[in-house]
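Chain identifiers are assigned alphabetically (A, B, ...) following the order of the sequence lines, protein sequences preceding nucleic acid strands; residue numbering begins at 1 within each chain.
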Number of protein chains: 2
Amino acid sequence: MDYRLKRYFNVTAGNPEEGLHRAKLAKHTGCNLETVRYYEKIGMMPDPPRTAAGYRVYNEGHVSRLRFILRARELGFSIEDIRGLLRLVDRGTQTCAEVQQLTEAHLADVRNKIRDLKRIEAVLAATAAQCSGEVVPDCPVLDALAS
Amino acid sequence: MDYRLKRYFNVTAGNPEEGLHRAKLAKHTGCNLETVRYYEKIGMMPDPPRTAAGYRVYNEGHVSRLRFILRARELGFSIEDIRGLLRLVDRGTQTCAEVQQLTEAHLADVRNKIRDLKRIEAVLAATAAQCSGEVVPDCPVLDALAS
DNA sequence: TATAAGGTCTGTATGGACTACAGGCTCAAG
DNA sequence: CTTGAGCCTGTAGTCCATACAGACCTTATA
């Protein structure tokens, strides 16, 4: 399709609101503009279709995938961890056993994170509560994770 | 005290098991050897006392502080977040109101992390359960964090 | 329709948080 | 008193982004 024609369709041939350029994807997800390109480069995000002029065009699928990646990073998952999680989404050739093993490993990791965060939560909540008085309690933050 | 004397006390003057050199601290905490020095440089870890020859000497306090930092990083806290949390430990000059505000902010962050991790946990658990059969379920991992 | 403004492209440079290495000193053992 | 392991410092390299530079595309306005 000629790019002159594409204009009539607001970038993509389909639904107008499904076609996002890079800046809009970034804004929708809270991602840095350049990071979008970076994740594409390292293979975390698929190469998006392009307009005739070479502009990247994203859809809702890209939005949720990118949101997931960003939040998973905030939750302390490494790039490789996230690749593993996304493999559960992108799979096709994997056997069920492989999927299960991967899943169980992530599950253990996630549950440990939850456990430790709850410990921190408890300590912080106690601190905040006691602190409403004049007395600043002795702060056992470090002990929260004293495995 | 002369360092020749210190030998008799296994590096520190006090309890032998309280004096750790850098490699031992690293091994006890699972920290990379060089990272110990790095955290000291950026002020996350206090400058430890030194032997007469200049060797760093750590105690149990250093161990738990470093463990905390490392785990907090794994849980997705930034260096600045952790500085904030540690300020609750290191405080002395802060007012109660400051401590409380800081604590409440961290608390909200922690609770959001827990919420999202639980969502991931639920999806992973479901995946693992279904996957024990022959059928690989449609994988809604991405939807887990579709805020 | 010329042009200015703003969005996008690519490649490259910079920054933060580590991590590894090089060259020299210290220490315990033999 | 030498040898090897461990520690010191400073510096270089890596990973994960983030920012910038110079060129092209698109839209609005004169």
Side-chain angles (χ1 to χ4, degrees), chain A residues 1-12 16 19-45 47-58 62 66 69-83 86, chain B residues 1-12 16 19-45 47-58 62 66 69-83 86:
Chain A
M1 181 188 280
D2 185 67
Y3 79 93
R4 269 159 249 268
L5 272 179
K6 289 208 171 181
R7 286 194 207 159
Y8 292 109
F9 293 105
N10 191 10
V11 173
T12 52
L20 303 175
H21 281 180
R22 190 152 58 103
K24 277 196 175 171
L25 175 67
K27 190 157 265 179
H28 270 62
T29 55
C31 187
N32 179 288
L33 181 65
E34 302 297 319
T35 305
V36 173
R37 206 155 55 94
Y38 174 70
Y39 284 152
E40 179 182 323
K41 189 173 124 195
I42 66 171
M44 303 283 287
M45 292 289 289
D47 290 17
R50 304 274 186 133
T51 65
Y55 285 23
R56 291 167 176 84
V57 181
Y58 299 99
H62 294 102
L66 182 52
I69 294 170
L70 293 168
R71 185 57 177 155
R73 290 292 287 138
E74 287 175 3
L75 293 172
F77 293 96
S78 72
I79 294 287
E80 287 314 307
D81 287 338
I82 298 172
R83 268 192 224 282
L86 289 174
Chain B
M1 181 189 278
D2 185 65
Y3 79 94
R4 268 158 248 268
L5 271 179
K6 287 205 172 182
R7 286 195 206 157
Y8 292 109
F9 293 105
N10 191 11
V11 172
T12 54
L20 303 175
H21 282 179
R22 190 153 59 101
K24 277 197 176 171
L25 176 66
K27 189 158 265 180
H28 268 64
T29 55
C31 186
N32 179 289
L33 181 66
E34 302 297 320
T35 305
V36 174
R37 207 155 54 95
Y38 174 71
Y39 284 152
E40 180 182 323
K41 189 173 123 195
I42 66 171
M44 303 282 288
M45 291 289 289
D47 290 16
R50 305 274 188 135
T51 65
Y55 287 23
R56 291 167 177 84
V57 181
Y58 299 99
H62 294 101
L66 182 52
I69 294 170
L70 293 169
R71 184 58 177 155
R73 291 291 290 137
E74 288 175 1
L75 294 171
F77 294 96
S78 71
I79 294 287
E80 287 314 306
D81 287 338
I82 298 172
R83 268 192 224 280
L86 289 175

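- No donor-acceptor pair closer than 3.5 Å links the side chain of B/Thr35 to the backbone N or O of B/Tyr38.
- When the nucleotides C/dA17, C/dT10, C/dC21 are ranked by their closest atom to the side chain of A/Arg37, C/dT10 comes out on top.
- For B/His21, whose side chain is taken as the heavy atoms from C-beta onward, the closest listed nucleotide among D/dT18, D/dC7, C/dC18 is D/dC7.
- Residue B/Tyr39 places at least one side-chain N or O under 4.0 Å from the OP1 or OP2 atom of C/dC18.
- For A/Tyr55, the listed nucleotide lying nearest its side chain is D/dC25; candidates were D/dC25, D/dG10, D/dT18.
- In terms of heavy-atom proximity, A/Tyr58 sits nearest to A/Arg22 at CE1-CA, 3.8 Å.
- Under the 4.0 Å criterion applied to side-chain N and carboxylate O atoms, B/Arg37 and B/Glu40 are not assigned as salt-bridge partners.
- Distance CE (A/Met45) to P (D/dA17): 13 Å, rounded to an integer number of Å.
- Comparing A/Glu34 and B/Lys41 by the nucleotide of DNA chain D that holds the closest heavy atom to each, the one mapping nearer the 5' end is B/Lys41.
- Using a 4.0 Å heavy-atom criterion, one finds that A/Leu33 contacts no nucleic acid atom at all.
- Rounded to an integer number of Å, the gap from B/Leu25 CG to D/dG6 P is 16 Å.
- Separating the OH atom of B/Tyr38 from the C1' atom of D/dT14 is a distance of 13 Å, rounded to the nearest angstrom.
- C/dG16 atom P lies 12 Å from atom CZ of B/Arg83, rounded to whole Å.
- Computed from coordinates, the B/Ile82 CD1 to C/dC18 C1' distance equals 13 Å when rounded to whole Å.
- When the nucleotides D/dC8, D/dA19, C/dA17 are ranked by their closest atom to the side chain of B/Arg50, D/dC8 comes out on top.
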Residues B/Met45, B/Ile69; criterion side-chain contact (heavy atoms from CB on, under 4.5 Å); working and verdict: CA-CA 9 Å; B/Met45 291 289 289; B/Ile69 294 170; 3.8 Å; yes
Determine, step by step, whether B/Ile79 and B/Arg73 satisfy the side-chain contact (heavy atoms from CB on, under 4.5 Å) criterion, reporting the C-alpha distance in whole Å, the side-chain angles of both residues, the deciding distance to 0.1 Å, and the verdict. CA-CA 7 Å; B/Ile79 294 287; B/Arg73 291 291 290 137; 3.9 Å; yes
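- For the pair B/Asp81 CG and C/dA17 C1', the computed distance is 14 Å after rounding to whole Å.
- Taking only side-chain atoms of A/Ala53, from C-beta outward, the nucleotide of C/dA20, D/dT26, D/dC20 with the closest atom is D/dT26.
- Between D/dT18 and A/Thr35, a contact under 4.0 Å exists linking OP1 or OP2 to a side-chain N or O.
- Counting to the nearest Å, the C1' atom of C/dC9 and the OH atom of A/Tyr58 are 11 Å from each other.
- Listed candidates were C/dC25, D/dT11, C/dC9. Nearest to the side chain of A/Arg22 is C/dC9.
- Taking A/Arg83 as the reference, A/Glu80 meet the side-chain hydrogen bond (donor to acceptor under 3.5 Å, both in side chains) condition, with sequence neighbours excluded.
- Among the atoms of the strands shown, none is found under 4.0 Å from any heavy atom of A/Ile42.
- Looking at which nucleotide of DNA chain C each of B/Asn32 and B/Glu80 is closest to, the 5′-most match is held by B/Glu80.
- Distance A/Lys27 NZ to C/dT8 C1': 15 Å, rounded to the nearest Å.
- Using a 4.0 Å heavy-atom cutoff across all strands shown, A/Arg73 reaches sugar-phosphate atoms only and no base atom.
- Taking side-chain N and O atoms only, B/Arg56 has a distance below 4.0 Å to OP1 or OP2 of D/dC8.
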